[in-house]
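Have a look at the structure below, then the notes.
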Number of protein chains: 2
Amino acid sequence: MAEPRNRCLSPQEISRRLERHGVQPTAQRIAICQYVLCEAEHPTADDIKQWADKNFPKMSRATVYNTVNTLIEAGLLREFRFPHDSKTVYDDNISDHYHFLDETTGEIIDIDGKDIEIKLRNEQRFIVKNAEVLLRGKLVKKKGV
Amino acid sequence: MAEPRNRCLSPQEISRRLERHGVQPTAQRIAICQYVLCEAEHPTADDIKQWADKNFPKMSRATVYNTVNTLIEAGLLREFRFPHDSKTVYDDNISDHYHFLDETTGEIIDIDGKDIEIKLRNEQRFIVKNAEVLLRGKLVKKKGV
DNA sequence: CCATATTTTTAGATTAAATCTAATTATAGA
DNA sequence: TCTATAATTAGATTTAATCTAAAAATATGG
């Protein structure tokens, strides 16, 4: 539904990418990357576990958490927690960006950092290092092609 | 440390305020309001419980949650969950506003809705109903008086 | 290739925040 | 006062995530 990023990596490509980031490319990690870097859109740990249960011989819940945290440390993944849900979601979009929540479907869509401008008025007290933004509303259906 | 809002309400004033919002003014609720509406700044449920343990004969943890949720339903309180912490915080500022997190102290400061302008570019897909913003950074020390 | 050190994975226990349950207590209204 | 309704309570439960320590896999050095 959303536009693909670096989607569609072969296990070999994933493996090299992990190595370049100093992460041992184990079978479990490659499988999880297949999902979080290629297939999924803002998955939760539970989403990953369910995917693994279908697509991997046997994987512990702890491995899911170990792996996403390793990927985060390696700079391959980011985690977000939003006010409307208690589950952490993982995002392979590691560039500066914000989020839009479609309130009818619950879908979260990335918004490029360049596409949002935040202006702070009447405030000399703050040195702002970064901003986290969640816009909420409805998604407009595109017409035609 | 932060500037007071409607701080300093007597038990009678709190009681009337609860009644006006269709909430039975019980001893527990009045006590909790004393704290969340008058004394505290973005308290967590745990903060409320700890305060109650010092200032109220005996209060169950369930009552803390029951009460804040009742106050939220009644429109007297809002809840916020931020990405940097897993605890829900409660805020008696029910007007449109955003937040600033002082990363050195962990303090959260309200920013009036009018003081932030959010501009969305290159995006025709979204009908934005509301925005949640958390700015992070450092608080500048005010000089002199 | 082998021996061994290091790293990863695992099942199950644990933690932490919040909610639920069902019994007790308080309150409101006739 | 009597009775219905609402609120409070202790403790159990749920949920997301982490921790533990044993087992399995992998890397390294000769």
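A note on names: the letters A, B, ... follow the listed sequences, proteins ahead of strands, and every chain is numbered from 1. If you're wondering where the values come from, they're calculated on a predicted model, not measured in any experiment.
Residue A/Lys87 places none of its side-chain N or O atoms closer than 4.0 Å to OP1 or OP2 of D/dA17. For D/dA6, neither phosphate oxygen OP1 nor OP2 lies less than 4.0 angstrom from any side-chain nitrogen or oxygen of B/Gln24. For B/Gln28 and C/dA26, the shortest distance from a side-chain N or O to OP1 or OP2 is not below 4.0 Å. Distances shown here put a side-chain N or O of B/Lys58 below 4.0 Å from the OP1 or OP2 atom of D/dA10. In this structure, B/Ser86 does not reach the D/dA17 phosphate: none of its side-chain N or O atoms is under 4.0 Å from OP1 or OP2. Taking 4.0 angstrom as the limit, B/Thr88 places a side-chain polar atom (N or O) nearer than this to OP1 or OP2 of C/dA18. In this model, the phosphate group of D/dT8 is approached by a side-chain N or O of B/Arg29 to a distance below 4.0 Å at OP1 or OP2. Residue A/Thr44 has no polar side-chain atom (N or O) positioned under 4.0 Å from OP1 or OP2 of D/dA16.
When heavy atoms are screened at a 4.0 angstrom cut-off, A/Thr63 is found touching base atoms of the nucleic acid. Within the 4.0 angstrom heavy-atom criterion, no nucleotide atom of any strand lies near B/Thr70. Here A/Asp46 lies out of heavy-atom contact (under 4.0 Å) with every strand.
Here the closest heavy-atom approach between residue A/Asp112 and residue A/Tyr98 is recorded as O-CD1, 4.5 Å.
Using a 4.0 Å cut-off between charged side-chain N and carboxylate O, A/Arg61 and A/Asp46 make a salt bridge.
Atom CZ of A/Arg61 and atom C1' of C/dG12 are 12 Å apart (whole Å). Counting to the nearest Å, the P atom of C/dT19 and the CG atom of B/Asn66 are 9 Å from each other. Rounding to whole angstrom units, CD of residue A/Glu19 and C1' of C/dT8 are separated by 15 Å. Rounded to a whole Å, the NZ atom of B/Lys49 is 14 Å from the C1' atom of C/dA18. Atom CZ in B/Phe82 sits about 16 Å away from atom P in C/dA17, given to the nearest Å. Taking atom CG on B/Asp85 and atom C1' on D/dA16, their separation rounds to 14 Å, with Å as the unit. Atoms OH (A/Tyr65) and C1' (C/dG12) sit 15 Å apart, rounded to a whole Å. Across the protein-nucleic acid pair, B/Asp53 atom CG and D/dA10 atom P stand 10 Å apart, rounded to whole Å.
Ring-centre distance between B/Tyr90 and B/His42: not below the 6.0 Å cut-off.
Ring-plane geometry between A/Phe80 and A/Phe82 is classed as parallel, the angle between the planes falling under 30 degrees on a 0 to 90 degree scale with a further cut at 60.
Test A/Ile94, A/Asp92, A/Asn93 against A/Arg78 for side chain to side chain contact (heavy atoms under 4.5 Å, CB included) and you get one pass: A/Ile94.
When each of B/Asn69 and B/Pro25 is assigned the nucleotide of DNA chain C bearing its nearest heavy atom, the one mapping closer to the 5' terminus is B/Asn69.
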